[in-house]
Amino acid sequence: MDHLDNKLLALLQQNARTTIQDMAEHTGASTASVQRRLKGLRDEGVIQKEVAVLDRTKLGFGITAIVSVELERDRLDQISAFKRKAREDRQVTNFYCIAGDADFLMVVVAKDMEDYERFTHRFFLADKNVRKFRTSIVVSTEKATLELPI
């Protein structure tokens, strides 16, 4: 990867709908070069996916919760089952295995507090392997981005 690749990636991070022509004009590269480089970045997995970023509140998700989770046991099969459950649950938007006081950190969206309570009962309380979970409710979002500083 070189400086031109970084410029193209920065443009895509800001707006994935930027045309090849606009990227070529902005970077001074030919359209063929831009197409070739983007294809290579996709093929190499540098560009994993291109998605629309949606407004959670306009879609009715009034609650964003940041939840730390401790599991009861350290058995590989139970950890794998919990990871699979979190990856598959659509209310879990981010899921991290962490070092420190907890085993996992997750970001969960819910329509309202009742919806979040239903999630906790279904996801944590019904799982005998969850020792403890702690929830912090987001009061305001000051910054949320997927952009990397390239």
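These numbers were taken from a predicted model, which means no experiment stands behind them.
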- Query: Are the ring centres of Phe123 and Phe133 closer than 6.0 Å?
  - Reply: no

- Task: Could I get the full list of side-chain hydrogen bond (donor to acceptor under 3.5 Å, both in side chains) partners for Arg75, not counting sequence neighbours?
- Result: Asp77

- His3 meets the side-chain contact (heavy atoms from CB on, under 4.5 Å) criterion, sequence neighbours left out, with Lys7

- Closest heavy-atom pair, Ala65 versus Ile137, reported as atoms and distance to 0.1 Å, is CB-CD1, 3.9 Å

- Item | Closest non-hydrogen atom pair between Val130 and Phe124, with its separation | CB-O, 3.8 Å

- Applying side-chain contact (heavy atoms from CB on, under 4.5 Å) to Asp43 and not counting sequence neighbours gives Lys39

- Run the salt-bridge test on Lys85 and Asp127 with the 4.0 Å N-O cut-off and return the result as yes or no. yes

- Note on the structure: Applied to residues 8-25, the salt bridge (Lys or Arg N to Asp or Glu O under 4.0 Å) test, sequence neighbours excluded, yields none

- Task: Show which residues join Phe61 in its hydrophobic cluster (side-chain heavy-atom contacts under 4.5 Å, direct or indirect), or state none.
- Result: Leu54, Leu59, Val109

- Mind checking side-chain hydrogen bond (donor to acceptor under 3.5 Å, both in side chains) for Thr93 and listing every partner two or more places apart, or none if nothing turns up? none

- Item | Main-chain N/O of Ala29 paired with Ser33 side-chain donor or acceptor, under 3.5 Å | no

- Contacts of Thr31 that satisfy side-chain contact (heavy atoms from CB on, under 4.5 Å) - sequence neighbours left out: Ile20, Gln21, Ala24

- Message: Give me each pair satisfying salt bridge (Lys or Arg N to Asp or Glu O under 4.0 Å) with a member in residues 102-116, each pair once, sequence neighbours excluded.
- Response: Asp115-Arg118

- Message: If the condition is side-chain contact (heavy atoms from CB on, under 4.5 Å), which residues does Ile98 pass it with, not counting sequence neighbours?
- Response: Tyr96, Ala102, Leu105

- Query: With Thr18, which residues qualify under side-chain hydrogen bond (donor to acceptor under 3.5 Å, both in side chains), at least two apart?
  - Reply: none

- Task: With sequence neighbours excluded, tell me which residues meet side-chain hydrogen bond (donor to acceptor under 3.5 Å, both in side chains) with Gln48.
- Result: none

- Item | Pair listing, side chain to side chain donor-acceptor pair (under 3.5 Å) test, anchored in residues 140-150, at least two apart | Ser140-Glu142

- Query: Can we say Asp101 and Arg134 salt-bridge, meaning some charged N sits less than 4.0 Å from an Asp/Glu carboxylate O?
  - Reply: no

- Query: According to the interplanar angle, ranging from 0 to 90°, do the rings of Phe104 and Phe95 count as parallel (below 30°), tilted (30 to 60°) or perpendicular (above 60°)?
  - Reply: parallel

- Message: Set out, in order, the CA-CA distance, both residues' side-chain angles and the distance that settles side chain to side chain contact (heavy atoms under 4.5 Å, CB included) for Leu71 and Gln78, then state yes or no.
- Response: CA-CA 9 Å; Leu71 297 185; Gln78 292 172 329; 5.9 Å; no

- Determine the minimum heavy-atom distance between Lys128 and Glu72, stating which atoms define it. O-CB, 4.2 Å

- Close side-chain approach of Val107 and Val92, heavy atoms under 4.5 Å: no

